[in-house]
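Hydrogens, waters and symmetry mates are skipped; everything else that's a heavy atom, side chains included, is used. Throughout, a chain's letter reflects where its sequence line sits, starting with A, and its residues are numbered from 1.
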Amino acid sequence: MEFRKAHIGVAMDSGQSNHTPNSTRESEPLDVQPLRTLAPMFPSSYGVNTFSVPGGAPFIYVTPSGPNFPSPTAPTHLPPFATPQQASTMRPRVGQPPASANGAPQSVNSNGSVRHTTYATPLATVIPVDDDSEPITGGHTTASGRQTKQPMHSSSHKIRKSGTGSSAGSKAKPSKKRLQRIRNNDFALVPSCQDPRESVEIVLMTFDALRRRLLQQDESKEGKDGNRRPDLKAGTVLMTNDLRANMGKRIGAVPGVEIGDIFYFRMELCLVGLHAPSMGGIDYMTSTFENGDDTVAISVVSAGGYENEEGDVDELIYSGQGGNTNVDQKLERGNLALERSLHRSIDIRVIRSAKDYTCPTGKIYIYDGLYKVQESWVEKGKTGFNVFKYKLLRKPDQPVGIATWKKIQKWKDNPGSRGGIILRDISLGIENIPVCLVNEVDNEKGPSHFEYVTKVKYLKPLSSLKPLECCKCLTVCLPGDGSCTCAHANGGNLPYSSSGFLVSRKPIIYECGATCSCSINCRNRLTQKGITIQFEVFKTPNKGWGLRSLDPIRAGTFICEYTGELVEKVGLDNEDAEDDDYIFQEAGADDKALKWNYGPELLGEPSVDSSNGSRGPLPFSISANKMGNISRFINHSCSPNVFWQQVLHDHSDEGNPHIMFFAIKHIPPMAELTYDYGLNIGVGSHMPKQCLCGSPKCRGLFG
DNA sequence: GCGCCGTCAATTTG
DNA sequence: CCAAATTGACGGCG
C-alpha cells in the first residue's frame, strides 16, 4: 500500500529560504467560526520544490509508459538514479544527522551499505546484537558472568526441543503447556535485520500487537477465563520464541534503544535487553575485571514505589530493594551490586517513570541514559527501618532525556514560558484541542496559506452517499455481543479496545454512525470524535514544517484524519495535481513492510494479510493544498511512526473511505510524526523527491 | 565442576 | 487492598 504525497522537501537552511518575506502576516481577529481561513502567512509560491540532485543536474525522471507500471524493482526504463536502492547508495547523506526520538543527535550507523531485508530462517528470528560493539566502561570488564545464565548469541542459536519449556519438569504449570515455541515453518514473519534499532522496534511492535489482541479476546469473554494479564502473556510468548533483542546482559548502552524511548510495561524493558528483571528494580550481573569477578549493578528502574526523590533532572536518589515497613534492608543482591558499581564506577542505565495522564492508572517508563552512582548511605525510612540510598548522577554529553518531559510540563503549567510560538492555535478553535504553531529554528513566520478544515470535502454531497447500516445496541456497543451489527461488519470483533486503541490494522473499519442507537461514548466511534492529543506544528531543521505531539503516544492511538478536498486520482492526465505539494494518494497495491498486526501466528491464529485484502487501490486522492488539517504537515519517513487506515463512519461508500492515522509504535513527546508516503514510480509526470528521513532503511526517494 | 532442578525475591498490575 | 503472575538469581543435589 504505497501512496504518495509531495511535501516541502527542499532544505530550508540552504539560504534560499531567506527570501522569505516576513511582512505578510497580520494578526487576525480570533472570532471562531466553524470554518476559518487563515490569513496568508506566506506567499503561496513559497514551498514549491525545485528538486535537484546535490551538486548536479536537475533530477529528471524518465516516465515509463502506461499507467500500470509493474514494479519499482524491475523498471523497464531506468531513470538517472534508477532504483531507490541505487539512489540510496549514490546519494550522500544530506541534511542533519538523524535525530533520535526526541530530536537529539543519534549515532549513525557507520555502515553505509544498502540494507536488504531478508527473511530469517525460522527461529533465528531476532538477531541479538553481538558484542563486537560492546561498550565497556569498567576497564577490562566483559559482559559475561559465570553465575549469570548466559543466553546464546545469534551465531550459536540453540534450538530447544519443541515443547520443552523451562518448566517441563514435574511441576509444570498447565498454562505453560500452551506456550510452545512456534515451529519452523509457522513463523517467518520477523525479518532478520542487521539494524539493532529495527530489531528492537520489531520486538516492541510484536509485543504490543499480541498484547492488544489478547486484551481484545479477554474483553469479549466477559472476564471469564480470560487473559488476566495480557502484558505478561504476550511477554511469555515472545520469550518462549526467543523473539527478543539484545539477549545477554551488558554494561552501558543497549544497541537499538535510544535515550528518550518510552515503554508502557516492564516486560518491554525486559524484551529489548534494557532491564532484565520482570519486576525487580535493580538489574545486576557478574563481570570479570582485572582484579577478579564482581557482581555489579547495571540498570535501575525508578518506578516510584520506593521513596525515590525526584529533584534535579540529572540526579536520582534511588532507594535500595528489600526490606519493608517493618524490616531493615540488607546489603545484599541489588543493594550490594549498587555498592560495587559505586566503587568500580560502573555505568548504570536509568529508566525513570512518569504518570500517563491519558490513562491515569498507567505509568510510562522512560529510558534516560547512563548514570553513575556517586554516593550511598543508610537512613531510616518513613516507618523507621533502615533503607539504603544511592545518589546517581547522569553522565554529561548525552541526548536529552527526562528533561524533555520536565520542559513540557513547565509549558503546560505556564504556557507563557514557551518560546517560539507563532500562533496559539493554528486551527483557530475548530479542533478539540488547540494546535500550536512554533518555530524555534529560524524566522519563518508560518506555512503558506490554507483553510483549516476538520472534514473531507467530497466531490458529491454526503447525503448522496449510501448510509451505513446501523446497530441497535443500547448506550454502547460491547465486545462479545453477537447481535451488534457493527461488530459483525468488522469481522466479529470491535476494532478498538475499551480504552480506545486500534487492535490491529484492517482493510477497512466500520465505526458506528448517526443512525446507530448507541451513544457517542461507544468505543466504536473513536476517530469520528476528532483529535485527543496536544499537537504542535513546528519548523523542522530541513524538511519544512512538521507535526509532533507534546503528549506521549501509545501504539495504536488514533492521531488524526487526512482532511482536504477529494480529487481525481493523480495520474497521467491530471496536470494540476502535479503541482500540489499536499496530496494523499495510495501509490501501490500493498506494503509488505507494514503488517502492523503481524504475529497472530504466535497465538495460534491464522495469519491475515490486512494490508490490501480484496480491496483495490483507492480510486481517489485527497488534496490538502487549499484546505486541510494538521495531517498535511506530517512528513514522509522510510521508518515511519504513523500509518493510515481506512475508516467509514458517516456513509458506507467504500470508494470514499476516511483516511485515519494511527500510531505504529510508542512515540515519545516532541518526536516528529511521520508516515510512509510510498514511492510512486511511473505515474504521470510525477517526480519522486529526495528523502531526508535519515533512516538506515531509507529508500532515498519518496513521493 | 557442571547442569538440572526447585525455591525465592522482587513488585507490577488489575 | 490483595492476589496472581514472571524472570532470573541462587543454592543444593546428583
Side-chain angles (χ1 to χ4, degrees), chain A residues 144-152 158 160-161 164-176 178-179 207 210-211 214-215 218-219 221-244 246-250 263-287 293-308 318-325 327 329-338 340 351 353 355-356 359-365 387-388 497-499:
Chain A
S144 66
R146 284 180 312 162
Q147 292 156 302
T148 309
K149 191 162 50 175
Q150 186 65 18
M152 52 287 169
K158 182 178 68 180
R160 284 183 210 151
K161 278 161 273 169
T164 307
S166 56
S167 62
S170 51
K171 273 174 71 178
K173 278 174 269 178
S175 64
K176 279 266 177 177
R178 287 188 49 221
L179 297 174
F207 169 83
L210 295 183
R211 205 202 100 252
L214 289 166
L215 182 66
D218 198 27
E219 285 178 343
K221 274 191 206 150
E222 201 72 40
K224 204 172 74 179
D225 192 34
N227 310 299
R228 272 167 295 228
R229 289 284 300 273
D231 57 319
L232 296 182
K233 182 84 172 284
T236 306
V237 171
L238 294 202
M239 290 285 210
T240 312
N241 290 284
D242 281 351
L243 262 165
R244 50 196 295 192
N246 301 303
M247 286 204 276
K249 300 196 181 200
R250 69 195 64 223
F263 305 86
Y264 284 80
F265 293 93
R266 286 292 299 266
M267 212 35 121
E268 295 176 324
L269 304 177
C270 183
L271 288 166
V272 301
L274 195 59
H275 186 87
S278 56
M279 291 163 187
I282 305 169
D283 195 7
Y284 50 97
M285 66 182 287
T286 301
S287 237
D293 288 358
D294 210 351
T295 301
V296 293
I298 53 173
S299 67
V300 297
V301 179
S302 171
Y306 286 91
E307 301 165 22
N308 297 324
Y318 193 82
S319 300
Q321 63 184 182
N324 52 40
T325 53
V327 180
Q329 286 188 350
K330 296 199 195 86
L331 190 58
E332 58 182 21
R333 300 171 187 279
N335 300 345
L336 182 56
L338 275 167
R340 299 251 169 77
I351 298 101
S353 60
K355 280 216 178 63
D356 182 2
C359 157
T361 55
K363 193 187 283 179
I364 300 178
Y365 300 96
V387 175
F388 284 91
S497 65
S498 61
S499 40

Working for side-chain contact (heavy atoms from CB on, under 4.5 Å), residues Leu243(A) and Leu271(A) | CA-CA 8 Å; Leu243(A) 262 165; Leu271(A) 288 166; over 6 Å; no

Round to the nearest Å and state the distance from Met267(A) atom CE to dA4(C) atom P.
-> 18 Å

State the CG-OH distance between Leu338(A) and Tyr284(A), to the nearest 0.5 angstrom.
-> 10.5 Å

Sorted by chain and number, sequence neighbours left out, ring pair (Phe, Tyr, Trp, His ring centres under 6.0 Å) with Tyr365(A) holds for none

Sorted by position of nearest nucleotide on DNA chain B, 5' first, the leading residue of Arg333(A) and Leu232(A) is Arg333(A)

Go through the steps to decide whether Arg250(A) and Ile298(A) satisfy the test side-chain contact (heavy atoms from CB on, under 4.5 Å), and finish with yes or no.
-> CA-CA 7 Å; Arg250(A) 69 195 64 223; Ile298(A) 53 173; over 6 Å; no

Go through Val237(A) and Phe207(A) one step at a time and tell me if the side-chain contact (heavy atoms from CB on, under 4.5 Å) criterion holds.
-> CA-CA 9 Å; Val237(A) 171; Phe207(A) 169 83; over 6 Å; no

Donor-acceptor contact present, side-chain His275(A) to main-chain Arg266(A), <3.5 Å | no

To the nearest Å, how far apart are Ile298(A) CD1 and dG8(C) P?
-> 12 Å

Taking only N and O in the side chain of Lys363(A), is any of them less than 4.0 Å away from OP1 or OP2 of dT11(B)?
-> no

Atom CD of Glu332(A) to atom P of dA9(B): distance rounded to whole Å?
-> 9 Å

Rounded distance (Å) that lies between atom C1' of dA10(B) and atom OH of Tyr318(A) = 10 Å

Closest to the Thr236(A) side chain: dT6(C), dT11(B), dT12(B)?
-> dT6(C)

Protein-nucleotide distance (Ile351(A), atom CD1; dA10(B), atom C1'), rounded to Å | 16 Å

Can you sort out the partners of Asp294(A) under side-chain hydrogen bond (donor to acceptor under 3.5 Å, both in side chains), two or more places apart, ordered by chain and number?
-> Arg340(A), Arg344(A)

Any residue of residues 268-283 of chain A with a heavy atom less than 4.0 Å from an atom of DNA chain B | Met279(A), Gly280(A), Gly281(A)

Quick note, Arg229(A) side chain, CB onward, closest among dT12(B), dG8(C), dA10(B) is dT12(B)

Look at the side-chain N and O atoms of Tyr264(A) and state whether any lies under 4.0 Å from the OP1 or OP2 oxygen of dT12(B).
-> no

From CG of Asp218(A) across to C1' of dG14(B) the rounded distance in Å is 10 Å

Send over the distance from Asp231(A) CG to dG14(B) C1', rounded to a whole Å.
-> 10 Å

Return the nearest nucleotide to the side chain of Met239(A); candidates are dT13(B), dT7(C), dT11(B).
-> dT7(C)

Starting at CZ of Arg266(A) and ending at P of dG14(B), how long is that distance when rounded to a whole Å?
-> 14 Å

